[in-house]
Protein chains: 4
Amino acid sequence: MSWDINRVVLVGRLARDPEIKYTPSNTAVARFTLAVGGKQKNDGTDSVSFLPIVVWGKTAETCKQYLSKGKMVAVDGRLEQRSWKGQDGSPRSTIEIVAERVEFLGGASGPGKTADIRSEVPDMAAAPDFYYDNTETAIDFNPVNPEDPNF
Amino acid sequence: MSWDINRVVLVGRLARDPEIKYTPSNTAVARFTLAVGGKQKNDGTDSVSFLPIVVWGKTAETCKQYLSKGKMVAVDGRLEQRSWKGQDGSPRSTIEIVAERVEFLGGASGPGKTADIRSEVPDMAAAPDFYYDNTETAIDFNPVNPEDPNF
Amino acid sequence: MSWDINRVVLVGRLARDPEIKYTPSNTAVARFTLAVGGKQKNDGTDSVSFLPIVVWGKTAETCKQYLSKGKMVAVDGRLEQRSWKGQDGSPRSTIEIVAERVEFLGGASGPGKTADIRSEVPDMAAAPDFYYDNTETAIDFNPVNPEDPNF
Amino acid sequence: MSWDINRVVLVGRLARDPEIKYTPSNTAVARFTLAVGGKQKNDGTDSVSFLPIVVWGKTAETCKQYLSKGKMVAVDGRLEQRSWKGQDGSPRSTIEIVAERVEFLGGASGPGKTADIRSEVPDMAAAPDFYYDNTETAIDFNPVNPEDPNF
DNA sequence: TTTT
DNA sequence: TTTT
């Protein structure tokens with residue numbers, strides 16, 4: 001009821017191949033890291049940001065199929081914070097970009113193909129809930145190492 | 001030379017009062033947490049994201065002056081990932097929203113006032129570099145507890 | 001197949017009350033003009049932009065119900081160009097912001113209510129097609145005066 | 001003093017070569033039309049939007065130098081409405097995207113180069129004012145044919 | 001852990 | 001640690 005405006009648009013390159021997993025209800029979820037070129041710092045250092053992208057549903061499968069490390073994409077999505085308890089019981093959280101649209105820009109196959117999430121994921125609303133569950137399957141489904149900031 | 005497109009726009013409420021600090025070169029930097037209303041989850045849970053906002057320069061001071069917990073703002077900025085070494089030497093990183101513009105929307109004083117960062121911070125480019133330094137002052141300048149996901 | 005990234009986020013005030021109409025297939029479409037404060041010009045003039053917003057479906061009805069001249073909103077949507085033939089047969093076109101989400105910010109009722117378009121408009125895809133038709137109804141449905149900059 | 005949030009991000013292809021002109025104070029201004037792929041309409045028609053992009057200053061010159069018809073770019077900027085009197089004295093207006101950043105994505109030379117507008121155009125604030133003047137030079141500087149939807 |  |  002309180003859906004605030006929350007919009008992110010990024011252009012960058014995949015820092016690694018997308019990984020895909022499936023929820024128990026069989027919704028696909030892909031993850032990859034996007035390297036987004038930041039402001040050149042005045043000490044000559046390059047300041048790239050490595051940002052975690054999450055994609056749900058059919059779009060996830062399209063990403064898995066067509067994208068790989070080094071490919072350039074544009075992402076249109078939302079910022080989401082996810083909280084969990086660390087192994088020592090302490091509260092932890094990460095921020096992720098949940099992509100609603102991914103436009104493929106780079107590589108040999110050429111630009112122009114866009115994967116869109118709208119109306120492709122009937123059970124998408126359900127999936128995230130499970131995702132946060134602490135069931136065994138969910139754990140397996142969770143980030144391999146949620147402590148790792150770069151996951 | 002490779003400044004990728006990187007844009008974030010959020011509307012939400014301050015989850016706490018802004019904190020302001022100054023770099024050695026006397027540039028102001030304010031921080032606050034923005035509560036952004038997420039998608040209502042189907043288990044009835046509210047899914048709010050708490051997102052860390054960073055503001056530099058004169059805009060930071062305007063934010064400190066006019067904003068407080070509960071106020072509503074719109075933020076226009078960029079996503080940045082910041083990396084550092086944890087106390088145990090392990091690599092850690094956070095994602096922050098570096099606000100370029102903050103529009104004040106809520107509260108008694110009414111909406112309409114916008115704090116803009118452009119051309120207000122001559123030494124803004126310099127400041128972030130120091131910010132990442134490992135000098136004592138820098139450490140003091142760093143987040144009190146960089147391990148805290150909600151900082 | 002070639003859905004390019006196309007994203008607009010605006011905060012401003014309604015320059016006039018929303019108008020609502022219905023397509024033959026009974027999809028609601030609301031229109032209003034958003035006054036968005038531009039860059040202060042150096043001759044002291046205020047440079048406000050008056051931007052045409054289009055909203056489809058249930059969101060349109062929510063806008064009609066809650067919004068009126070002077071209210072503040074945040075709009076998240078897409079840019080669309082619409083072409084037509086003028087009365088003299090010459091080609092004409094306008095650019096509109098098709099809002100996917102409208103967040104109510106201003107007024108007595110307070111902020112926090114967001115109207116969202118996603119999955120609310122089953123026949124939304126069909127509606128625009130009719131909109132571009134040259135049937136009599138469609139003409140009546142078109143802007144009363146497409147030359148009017150404030151339309 | 002009332003700079004509302006106003007943000008546009010687009011990915012598309014140049015529908016024609018950029019044109020460059022200079023204001024009397026010698027600030028460069030480039031214009032091109034961006035073809036942005038819209039939603040596939042259900043009658044099989046392709047619904048592309050042709051959107052007018054304006055770029056100021058050094059970025060304008062970089063665009064003129066590197067971009068041409070067919071090249072792919074990402075644009076990050078603001079929406080602006082410009083009003084003028086038609087030849088018959090009637091009020092007219094257009095909406096333009098004033099690009100603050102243009103990222104070059106397509107073509108043989110490959111992606112990765114971004115033209116940025118920030119702090120490159122000292123007299124940028126002055127230039128737009130002239131642009132709206134009714135002097136002879138300004139008229140020559142205005143769109144050759146403001147009625148042309150593809151301008 | 002990282003992309004060009 | 002959290003806003004309405």
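Source: prediction; values computed, not measured. Protein chains get the first letters and strands the later ones, always in sequence-line order, with residue 1 at the start of each.
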Atom CG of A/L10 and atom P of E/dT2: how far apart are they, to the nearest Å? 20 Å

May I ask you to say what B/G12 touches in the nucleic acid, namely base, sugar-phosphate or nothing, with a heavy-atom cut-off under 4.0 Å? nothing

Of the nucleotides E/dT4, F/dT3, E/dT2, which one has an atom closest to the side chain of A/R13? E/dT4

Distance, rounded to the nearest Å, where B/R16 contributes CZ and F/dT1 contributes P: 13 Å

Stacking between E/dT2 and A/F50, yes or no? Criterion: centroid separation under 5.5 angstrom, plane angle under 30 degrees. yes

Figure out the CD/C1' separation between C/E103 and F/dT4, and round it to whole Å. 11 Å

Non-hydrogen side-chain atoms of C/L14 and C/V73 separated by less than 4.5 Å: yes

Closest nucleotide among E/dT2, F/dT3, E/dT3 to the B/A35 side chain: F/dT3

Can you tell me how far P of E/dT4 sits from CG of A/L34, to the nearest Å? 12 Å

I need the CH2-P distance between B/W84 and E/dT1, as an integer number of Å. 13 Å

Considering the options B/I97, B/V75, B/V8, which one meets the side chain to side chain contact (heavy atoms under 4.5 Å, CB included) requirement together with B/L51? B/I97

Against the side chain of B/Q81, the closest entry in E/dT2, F/dT3, E/dT3 is E/dT2

Rounded to the nearest angstrom, tell me the gap between atom CZ in A/F32 and atom P in E/dT2. 19 Å

Salt bridge check, D/D76 against D/R7: does any charged N sit closer than 4.0 Å to a carboxylate O? yes

Can you find a heavy atom in the side chain of D/I5 that is under 4.5 Å from one in the side chain of A/I5? no

Nearest-Å distance for atom pair CZ/P, residues A/R31 and E/dT1: 19 Å

Rounded to the Å, how far apart are A/L51 CG and E/dT3 P? 15 Å

